[in-house]
Colleague: 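My structure is below; once you've seen it, I'll send some questions.
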Amino acid sequence: MSKKTNFYQRLGISEGATPDEIKRAYHRAAHRTHPDVNVKPGATELFLDIKEAYEVLIDPEGRTNYNRKNQQKKRAAHPVRINTQYSRSAIQYSHEQQVIYAIVDMDILPDPEHDQDPATAINIALVLDTSTSMKGARLNTVKATAIELVRQLRKQDSISIITFNDRANVVIEAGTHANINKAEMQIRSLHPDGGTEIFKGLDAGFEEVQRYYHPSHSNHIILITDGHTYGDEAACKSLADKAAKTGIGLSSLGIGGKWNDELLDDLATRTGGNCLYIRKPKNIRPFLSQKLRNLSQAYAKNIRFSFQTGQEITLRYAFRLEPDIGMLHTKSPLQLGSIARDQRHRILFEFIVDPIPTEIKQVLLIDGEFGFDIPSKSYSSFRIPITMTLSTQAESLSEN
C-alpha cells in the first residue's frame, strides 16, 4: 500500500516538515517496521519503503528534486499548465544581496469535453463620474459607450449604471433590461454636476452587483473617473477588499491627467482587475468593448496566488504582464481575476536574496499555490502547488 503513497505519507509528516521532524518520524516508523522486531508478512518491504522515503527527504537536493517531480505529477491532472523561468540558472555565494527575477506563466490546457461551453454570463456595474470636470466630450463619449454596451448585452447578462459626484445615483438598476429604449433615454439624460466622491459610487455599484451575483457569472465593477477623491480613500480600499472576498472584480479607467492613479491602481490590484489611463475620450469605447469580451469569455475565475517567501528572501516587486498589464501587491494572496481559454497569465517577480553562506545548497525563493474556480466543471475548485528554488554555486571569474 505504501507504494501508492508519496514519501511524506510514508513517514506520516506534512510537506512542510523540518529535518528534525523527518528524522523523528523515520525513527518511529523504523522502530515499528524493522524486520528484527516485526515478523509480519510484508514488514521488510514496508521498512524499505520508509527507508527510501527518509533517504530522499533528509537530503536537501533530493527533497527538492522529489518535490519538483511530485508537483509535475499533480499538475498533470489539472486543466492548466504552469511554467517558470529564472533570470539566472543558479544563485552565487555572496556576501552581498542579489536580485533574481522569475516569470511564471499560467496557460489553459485544451479540454475537448468543454470546448463548446456557453459564454459566461456578465453581471456588471458601470460606475460613472458625472462631476463638473466630466462635462463636454468626456461625458458625451461615456454616454455613447454606455448605450453601446447596453445594446451588446445578451438575455443572460445583467448591467446596472451608477453615476456619482458628491452623491451617488442608481440610474439603471441591475437587471437584464429588455426595455433598451428606456435605458438609452436614461443614459442620454445624464449631465455633469458637483464634486468627486468615488466611494459613494463604488458602494452603490457593489450593492447593485450583489443583487444579481452568482459564482458562475463574471461579476465586475467598472469605474470611469477623471478626478481625485478626498477623504474616502480608506473606505474605497476596504470596499475593494470586501469585493475581492466576494468574488467581484473592479477595473478602472482614468481620463485626462488629474485622476488619482495611485488609488485606482491599488483598488484594481486588490480585486484582480486592471487600471488603464485614457488620454483621449475616444479611446474609452475600445477598452470597454474589450473588457466586455474578456468577461464573457472567462473560463478560470477567482484566480489567486497564496505564498510564503523563503528565509532571507524578500519579494520586492510583482507585475502582471498578461492578459492585462498591472501592478500586483507583494503580500499574499495575489488576486489575479479571471482568464479566457485563449489567454495566459504571465507574472513577473523580483526577489531580493540576502547573503548566502557556502553550506547552503538550495535556496527557496517562494512556496505557494495557485487557486482558481472553473464554473463549467460544476464549479470545481483547483489548487496547484508551486515551489520556486534555485541551486547555489561559487562565483565564476570571467577571463579577460
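In this text the structure is predicted, and so the values were computed from the model without any measurement.
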Colleague: Residues in ring pair (Phe, Tyr, Trp, His ring centres under 6.0 Å) with Y54, at least two apart?
Modeller: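 Listed in chain order: Y26.
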Colleague: Would you compute the distance between atom CG of D324 and atom CG of L336 and round it to the nearest 0.5 angstrom?
Modeller: 11.0 Å
Colleague: Around Q97, counting heavy atoms of other residues, nucleotides and ligands shown, do more than 12 lie under 6.0 Å from its CD?
Modeller: yes
Colleague: When rounded to the nearest 0.5 angstrom, what is the spacing between OG in S252 and CD1 in I224?
Modeller: 9.5 Å
Colleague: Can I82 be reached from F372 by stepping across I, L, V, M, F, W or Y side chains whose heavy atoms are under 4.5 Å apart?
Modeller: yes
Colleague: Quick check: does any side chain N or O of S238 sit under 3.5 Å from a backbone N or O of A234, one acting as donor and the other as acceptor?
Modeller: no
Colleague: Checking the side chain of T120 only, and the main-chain atoms of S218 only, is there a donor and an acceptor separated by less than 3.5 Å?
Modeller: no
Colleague: Can you tell me if H214 uses its side chain to pair, donor with acceptor, with the backbone of S216 under 3.5 Å?
Modeller: yes
Colleague: Looking only at heavy atoms, what is the nearest atom pair of L11 and A25, with distance?
Modeller: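 Looking at all heavy atoms of both residues, the closest pair is O-CB, 3.5 Å.
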Colleague: Apply side-chain contact (heavy atoms from CB on, under 4.5 Å) to the pair L126 and I162, showing each step before the final yes or no.
Modeller: CA-CA 6 Å; L126 198 56; I162 296 91; over 6 Å; no
Colleague: Donor-acceptor pair, T309 side chain versus L315 backbone, under 3.5 Å?
Modeller: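 Flag not set: sc T309 to bb L315 has no pair under 3.5 Å.
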Colleague: List the atom of Q335, the atom of T271, and the distance in Å for their closest heavy-atom pair.
Modeller: CB-C, 3.9 Å
Colleague: In terms of side-chain geometry, is the basic nitrogen of K51 or E55 positioned less than 4.0 Å from the acidic oxygen of its partner?
Modeller: yes
Colleague: Let me check something: do L48 and I58 share a hydrophobic cluster, defined by ILVMFWY side-chain heavy atoms less than 4.5 Å apart, either directly or through other members?
Modeller: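 Same hydrophobic cluster.
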Colleague: Give the cluster check for M327 versus V104: same hydrophobic cluster or not, with ILVMFWY residues linked at side-chain heavy-atom distances below 4.5 Å.
Modeller: no
Colleague: If you round to the nearest 0.5 Å, how far is OG1 of T141 from CD1 of I255?
Modeller: 8.0 Å
Colleague: Write down the atom of H220, the atom of G273, and the distance for their closest heavy-atom approach.
Modeller: CE1-CA, 4.4 Å
Colleague: Is it the case that over 12 heavy atoms from other parts of the model lie below 6.0 angstrom from the CD atom of E148?
Modeller: yes
Colleague: When you measure from the side chain of D266 to the backbone of E262, do you find a donor-acceptor pair of N or O atoms at a distance under 3.5 Å?
Modeller: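 Flag not set: sc D266 to bb E262 has no pair under 3.5 Å.
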Colleague: Is the shortest side-chain heavy-atom distance between R344 and E322 below 4.5 Å?
Modeller: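 A side-chain contact under 4.5 Å exists here.
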Colleague: Taking T314 for its side chain and R316 for its backbone only, find out whether a donor-acceptor pair lies under 3.5 Å.
Modeller: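 Here the side-chain-to-backbone pair does not exist.
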Colleague: Does some side-chain heavy atom of L153 sit less than 4.5 Å from a side-chain heavy atom of R151?
Modeller: no
Colleague: For N274, does its backbone N or O pair with a side-chain atom of S251 as donor and acceptor, under 3.5 Å?
Modeller: yes
Colleague: Could you go through the side-chain hydrogen bond (donor to acceptor under 3.5 Å, both in side chains) check for D105 and N83 one step at a time?
Modeller: CA-CA 5 Å; D105 289 330; N83 290 318; 5.9 Å; no
Colleague: Which heavy atom in I339 sits nearest to a heavy atom in M106, and how many Å separate them?
Modeller: CD1-O, 3.9 Å
Colleague: Checking the side chain of Y101 only, and the main-chain atoms of S87 only, is there a donor and an acceptor separated by less than 3.5 Å?
Modeller: no
Colleague: Nearest 0.5 angstrom please: Q297 CD to I122 CD1, how far?
Modeller: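 Q297 atom CD to I122 atom CD1 measures 9.0 Å (nearest 0.5 Å).
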Colleague: Considering only distance and modelled atom types, tabulate donor-acceptor pairs under 3.5 Å from the side chains of residues 187-199, sequence neighbours left out.
Modeller:
unit_1: S189; atom_1: OG; unit_2: Q186; atom_2: O; d: 2.7
unit_1: T196; atom_1: OG1; unit_2: S131; atom_2: OG; d: 3.2
unit_1: E197; atom_1: OE1; unit_2: K200; atom_2: NZ; d: 3.3

Colleague: Side chains of R63 and Q362 only: does a donor on one sit below 3.5 Å from an acceptor on the other?
Modeller: no
Colleague: Take the angle between the ring planes of Y66 and F7 and call it parallel below 30°, perpendicular above 60°, tilted in between.
Modeller: parallel
Colleague: Counting neighbours of CZ on R154 that are heavy atoms of other residues, nucleotides or ligands and sit closer than 6.0 Å, is the number greater than 12?
Modeller: yes
Colleague: Heavy atoms, side chains only, cut-off 4.5 Å: are K237 and L263 in contact?
Modeller: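 Yes - at least one pair of side-chain heavy atoms lies under 4.5 Å apart.
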Colleague: Under a 4.5 Å cut-off applied to non-hydrogen side-chain atoms, are L202 and L267 in contact?
Modeller: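 SC-SC contact between L202 and L267 confirmed.
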Colleague: Are L364 and Y93 joined in one hydrophobic group, where the rule is that I, L, V, M, F, W and Y side chains link up if heavy atoms are under 4.5 Å apart?
Modeller: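 Different clusters.
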Colleague: Taking the side chain from N123 and the backbone from V209, do they hold a donor-acceptor pair closer than 3.5 Å?
Modeller: yes
Colleague: Assess whether a salt bridge exists between K245 and D241, defined as any Lys/Arg side-chain N lying under 4.0 Å from an Asp/Glu carboxylate O.
Modeller: no
Colleague: Closest approach of R293 and S296, non-hydrogen atoms and distance?
Modeller: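 Between these two residues, the closest heavy atoms are O-OG, 2.9 Å.
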Colleague: Looking at R383 and E369, does any basic side-chain N land under 4.0 Å from a carboxylate oxygen?
Modeller: yes
Colleague: Could you please spell out the steps behind the side-chain contact (heavy atoms from CB on, under 4.5 Å) verdict for L334 and F307?
Modeller: CA-CA 9 Å; L334 304 183; F307 65 90; 3.9 Å; yes
Colleague: With a 4.5 Å limit on heavy-atom distance, are the side chains of L264 and T225 in contact?
Modeller: yes
Colleague: Return the minimal non-hydrogen interatomic distance between M134 and V142, and the atom names on each side.
Modeller: CE-CG2, 4.0 Å
Colleague: Starting from the C-alpha separation in whole Å, work towards a yes-or-no answer on side-chain contact (heavy atoms from CB on, under 4.5 Å) for I366 and M388.
Modeller: CA-CA 5 Å; I366 204 166; M388 302 185 204; 3.4 Å; yes
Colleague: Test your reading of the model: is there a side-chain donor-acceptor pair from S160 to the backbone of A174, 3.5 Å cut-off?
Modeller: no
Colleague: Is any side-chain heavy atom of Q393 closer than 4.5 Å to one of Q92?
Modeller: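 Touching, per the 4.5 Å side-chain cut-off.
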Colleague: State yes or no: do V171 and I222 share one hydrophobic cluster built from I, L, V, M, F, W and Y residues joined by side-chain heavy-atom distances below 4.5 Å, directly or via other members?
Modeller: yes
Colleague: Do F287 and T145 make a side-chain contact, defined as non-hydrogen atoms from C-beta onward lying under 4.5 Å apart?
Modeller: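 Side chain of F287 against side chain of T145, heavy atoms only: no contact under 4.5 Å found.
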Colleague: Test side-chain hydrogen bond (donor to acceptor under 3.5 Å, both in side chains) on D157 and Y212 and set out the steps.
Modeller: CA-CA 10 Å; D157 296 332; Y212 269 73; over 6 Å; no
Colleague: Quick check on E359: does its CD atom have over 12 non-hydrogen neighbours (other residues, nucleotides or ligands) under 6.0 Å away?
Modeller: yes
Colleague: Could you check whether any side-chain heavy atom of Y277 comes within less than 4.5 Å of a side-chain heavy atom of D261, counting everything from C-beta outward?
Modeller: no
Colleague: Any carboxylate oxygen within less than 4.0 angstrom of a Lys/Arg side-chain nitrogen, looking at R211 and E208?
Modeller: yes
Colleague: For L321, is the CG atom crowded, meaning more than 12 foreign heavy atoms sit under 6.0 Å from it?
Modeller: yes
Colleague: State the CD1-CG distance between I22 and D59, to the nearest 0.5 angstrom.
Modeller: 10.5 Å
Colleague: In sequence, state the C-alpha distance, the side-chain angles, and the governing distance for I313 and V363, and then conclude on side-chain contact (heavy atoms from CB on, under 4.5 Å).
Modeller: CA-CA 9 Å; I313 301 295; V363 174; 3.9 Å; yes
Colleague: Once you round to the nearest 0.5 Å, how far does CZ of F349 lie from OH of Y86?
Modeller: 10.0 Å
